Asker: 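Below: one structure in structure tokens.
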Amino acid sequence: MADPSLSQTKTLTPEEEPRAGSAASGAGISRRRLLGTAGATGLVLGAAGGAVGYASAPSGATPLTSVGATKLPFHVKHQPGITDPLQSRGHLLAFDLAPGAGRKEAAALLRRWSDTARRLMAGEFDTAGDSDVARDAGPSSLTLTFGFGHSFFARTGLEKQRPAALDPLPAFSSDRLDRARSDGDLWVQIGADDALVAFHALRAVQKDAGAAARVRWQMNGFNRSPGATARPMTTRNLMGQVDGTRNPRPEEPDFDERIFVPEQGEPSWMANGSYVVVRRIRMLLDDWEKLSPREQEGVIGRRKADGAPLSGGDETTEMDLEKTDAQGNLVVPVNAHARITRPDQNGGAAMLRRPFSYHDGIDADGTPDAGLLFVCWQADPLRGFVPVQRKLDRGDALTPFIRHETSGLFAVPGGAAEGEYVGQALLEG
């Protein structure tokens with residue numbers, strides 16, 4: 001990934017994994033479970049080039065009969081869908097405000113979206129106008145997350161409130177961007193552990209937009225389903241690599257500082273919020289699969305079987321960047337993706353990766369249109385995503401096997417308090 005790194009995540013023991021229907025199905029998930037699934041290291045596949053950190057792994061392996069009961073709260077300090085365990089189904093979409101729509105219409109839309117998110121995340125249905133798509137299911141770890149793009153502020157007369165951190169990302173040599181499927185005034189992320197629940201939320205968000213906004217682009221993704229493996233473990237991406245091992249973890253003392261805007265930060269309406277970089281990264285799988293497993297491991301810098309560094313140990317063992325073989329060659333190649341994307345190789349730059357895989361069919365020439373919907377979170381993209389992507393641009397061994405095809409950067413404000421809607425401090429401030 002001309003991006004940050006294949007994620008990997010800490011593996012929990014059976015005793016550490018919370019029982020289905022306990023904390024995970026009430027007001028939220030237990031801190032122990034969160035820490036076990038949010039941390040990681042891995043391919044920063046997707047970011048405009050790369051980013052330090054790896055993707056969060058899907059929620060723990062629980063009996064399938066309990067998956068639908070898991071409920072996550074909407075009214076939280078940070079919006080849902082950032083530090084929550086990565087779900088098995090996802091939709092990313094951007095909207096542009098309709099001609100003539102401005103601040104008033106945007107405020108009404110965010111109020112509608114927030115009410116819909118609160119209701120659906122709680123497993124409630126509107127019997128009057130609901131499509132019944134997900135009526136038989138519980139909330140299934142549903143989350144909805146909302147953000148604002150650079151263009152939103154000019155269209156609503158709020159240019160003075162636009163954060164400097166939302167300035168357009170620089171161009172990268174690996175970019176092959178389709179501008180029609182990039183950026184947007186508004187961004188929505190939907191995640192759930194049931195495909196129908198996720199689609200139901202997608203349809204509700206689209207209907208709520210009404211005449212105020214229209215869809216600019218939409219992308220659909222997936223990850224391993226809860227219960228698909230014998231024990232909780234880090235997920236794999238479509239290259240077959242363990243993806244998510246070195247993500248920053250919430251228990252780390254500087255986690256909030258690196259991922260979230262402080263309460264006294266600027267602008268004030270972004271307090272407890274974060275900035276998200278979204279990239280659609282196509283994996284050139286036909287070329288990748290021509291490599292032997294050993295060659296693939298050299299590109300990444302980790303063993304394919306278990307995600308352990310080539311320098312030895314298991315998945316969570318610290319990588320020894322100086323270790324050499326009998327011939328004096330570095331065991332972890334100098335251009336290996338996992339080496340380049342490490343925070344200690346990028347001045348501490350780090351981001352929380354929370355991606356989805358995607359597969360959008362087969363091109364006319366037989367090439368699969370598949371890869372990673374890269375989603376990474378940071379307090380400031382100029383200190384997170386950008387420096388890592390720039391370094392990847394200068395010599396990542398993964399670059400010949402991926403292509404960045406879309407890009408977006410969005411300001412995601414903090415969570416809405418009871419009785420409020422997402423973005424209210426901006427739109428009514």
Side-chain angles (χ1 to χ4, degrees), residues 74-75 79-81 90-122 124-135 142-163 166 178-192 196-220 269-270 273 276 278 280 406-413 415-416 419-429:
F74 174 72
H75 295 294
Q79 282 198 58
H91 300 293
L92 307 177
L93 61 163
F95 290 80
D96 285 334
L97 292 173
R103 182 173 176 177
K104 177 181 177 181
E105 290 77 14
L109 174 56
L110 266 297
R111 186 181 294 278
R112 291 194 299 274
W113 275 351
S114 296
D115 182 66
T116 293
R118 177 201 58 75
R119 179 171 51 82
L120 295 185
M121 286 176 60
E124 301 173 6
F125 296 93
D126 180 1
T127 56
D130 196 85
S131 64
D132 288 339
V133 171
R135 185 166 298 278
L142 175 68
T143 59
L144 291 92
T145 317
F146 306 100
F148 305 107
H150 186 275
S151 56
F152 175 83
F153 296 85
R155 299 193 180 189
T156 53
L158 292 166
E159 292 99 326
K160 292 183 179 180
Q161 294 297 319
R162 182 167 56 210
L166 204 55
D178 178 355
R179 290 299 176 186
R181 293 194 295 173
S182 299
D183 305 316
D185 295 342
L186 294 157
W187 177 75
V188 183
Q189 172 188 253
I190 297 168
L196 290 181
V197 169
F199 176 81
H200 180 243
L202 174 69
R203 186 73 180 112
V205 164
Q206 181 188 1
K207 289 192 295 183
D208 280 347
R214 53 196 177 195
V215 174
R216 177 181 177 87
W217 54 259
Q218 179 199 331
M219 300 174 192
N220 309 311
W269 63 268
M270 272 295 289
V276 62
V278 181
R280 182 183 191 270
T406 73
S407 180
L409 170 62
F410 303 93
V412 177
E420 297 182 354
Y421 63 88
V422 173
Q424 186 167 331
L426 168 65
L427 292 165
E428 297 186 14

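Numbering of residues begins at 1 and proceeds along the displayed sequence. Predicted model, so just to flag it, every value in this text is computed and none were measured.
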Asker: Decide yes or no on side-chain contact (heavy atoms from CB on, under 4.5 Å) for Phe152 and Leu186, but give the supporting numbers first.
Answerer: CA-CA 7 Å; Phe152 175 83; Leu186 294 157; 3.8 Å; yes

Asker: Answer whether the closest heavy-atom distance between the side chains of Arg155 and Asp96 falls below 4.5 Å.
Answerer: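 They are in contact (side-chain heavy atoms under 4.5 Å apart), so the answer is yes.
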
Asker: Nearest 0.5 Å, please: how far is CD in Gln161 from CZ in Phe148?
Answerer: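 It is 11.5 Å, given to the nearest 0.5 Å.
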
Asker: What are the two closest non-hydrogen atoms of Ala213 and Leu109, and how far apart are they?
Answerer: CB-CD2, 4.0 Å

Asker: According to side chain to side chain donor-acceptor pair (under 3.5 Å), who are the partners of Thr116, at least two apart in sequence or on a separate chain?
Answerer: Asp208

Asker: Looking at every non-hydrogen atom in both residues, tell me the closest pair between His91 and Ala198 and how far apart they are.
Answerer: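 Minimum heavy-atom contact is CD2-O, 3.5 Å.
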
Asker: How about Lys207: does its NZ atom have over 12 heavy atoms from other parts shown lying under 6.0 Å from it?
Answerer: yes

Asker: Report yes or no: does Ser114 contribute a side-chain atom to a donor-acceptor pair with the main-chain N or O of Val422 at less than 3.5 Å?
Answerer: yes

Asker: Using the rule given for side-chain contact (heavy atoms from CB on, under 4.5 Å), can you reason through Val278 versus Met219, listing the C-alpha separation, both sets of side-chain angles and the distance that settles it, and then say yes or no?
Answerer: CA-CA 11 Å; Val278 181; Met219 300 174 192; 5.6 Å; no

Asker: So, taking the atom named NE2 in His200 and the one named CZ in Arg203, what distance separates them when rounded to the nearest 0.5 Å?
Answerer: 10.5 Å

Asker: Heavy atoms only: give me the nearest Phe410-Gly184 pair and the separation to one decimal.
Answerer: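 Phe410 and Gly184 have their closest heavy atoms at CE2-O, 3.5 Å.
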
Asker: Between Phe199 and Asn220, is the side-chain contact (heavy atoms from CB on, under 4.5 Å) condition met? List the steps.
Answerer: CA-CA 10 Å; Phe199 176 81; Asn220 309 311; over 6 Å; no

Asker: Compare every heavy atom of Tyr421 with every heavy atom of Ala416, then report the nearest pair and how far apart it is.
Answerer: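 Looking at all heavy atoms of both residues, the closest pair is CB-C, 3.7 Å.
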
Asker: If I take atom CZ from residue Arg135 and atom CG from residue Asp130, how far apart are they, to the nearest 0.5 angstrom?
Answerer: 5.0 Å

Asker: Please enumerate all residues that pass side chain to side chain donor-acceptor pair (under 3.5 Å) together with Arg103, with sequence neighbours excluded.
Answerer: none

Asker: Apply ring-ring contact (aromatic ring centres under 6.0 Å, His included) to Phe153 and list each qualifying residue two or more places apart in sequence or on a separate chain.
Answerer: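 Result, ring-ring contact (aromatic ring centres under 6.0 Å, His included) vs Phe153: Trp269.
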
Asker: Working note: Asp178 + Thr406, criterion side-chain hydrogen bond (donor to acceptor under 3.5 Å, both in side chains); need CA distance, chi angles, decisive distance, verdict.
Answerer: CA-CA 5 Å; Asp178 178 355; Thr406 73; over 6 Å; no

Asker: Rounded to the nearest 0.5 Å, how far apart are OG of Ser407 and CZ of Arg280?
Answerer: 13.0 Å

Asker: Sorted by first residue and then second, give each salt bridge (charged side-chain N to carboxylate O under 4.0 Å, His left out) pair with at least one member in residues 112-121; sequence neighbours left out.
Answerer: Asp115-Arg118, Arg118-Glu124

Asker: Specify the closest pair of heavy atoms between Leu166 and His150, including all atoms of both residues, with the distance to one decimal.
Answerer: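 Where Leu166 meets His150 most closely, the heavy atoms are O-CD2, 3.3 Å.
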
Asker: Checking Gln79 side chain against Pro413 main chain: does a donor-acceptor pair fall under 3.5 Å?
Answerer: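 Judged by distance alone, yes, a pair lies under 3.5 Å.
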
Asker: Under the rule for side chain to side chain donor-acceptor pair (under 3.5 Å), what residues qualify as partners of Gln189, not counting sequence neighbours?
Answerer: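 Partners of Gln189 by the side chain to side chain donor-acceptor pair (under 3.5 Å) criterion, ordered by chain and then number, come out as Thr145.
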
Asker: As an exercise, state the distance from CZ of Arg214 to CD of Gln206, rounded to the nearest 0.5 Å.
Answerer: 13.5 Å

Asker: Do Trp113 side-chain atoms and Val205 backbone N/O form a donor-acceptor pair below 3.5 Å?
Answerer: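 Yes, the answer is positive, given that a donor and an acceptor are paired below the 3.5 Å cut-off.
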
Asker: Please name the pair of heavy atoms, one in Ala411 and one in Met270, separated by the smallest distance, quoted to 0.1 Å.
Answerer: CB-SD, 3.9 Å

Asker: Report the residues that fulfil side chain to side chain donor-acceptor pair (under 3.5 Å) with Thr156, sequence neighbours left out, ordered by chain and then residue number.
Answerer: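 By the side chain to side chain donor-acceptor pair (under 3.5 Å) rule, Thr156 matches no residue at all.
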
Asker: List the steps, then state whether side-chain contact (heavy atoms from CB on, under 4.5 Å) holds for Leu92 with Trp187.
Answerer: CA-CA 8 Å; Leu92 307 177; Trp187 177 75; 4.0 Å; yes

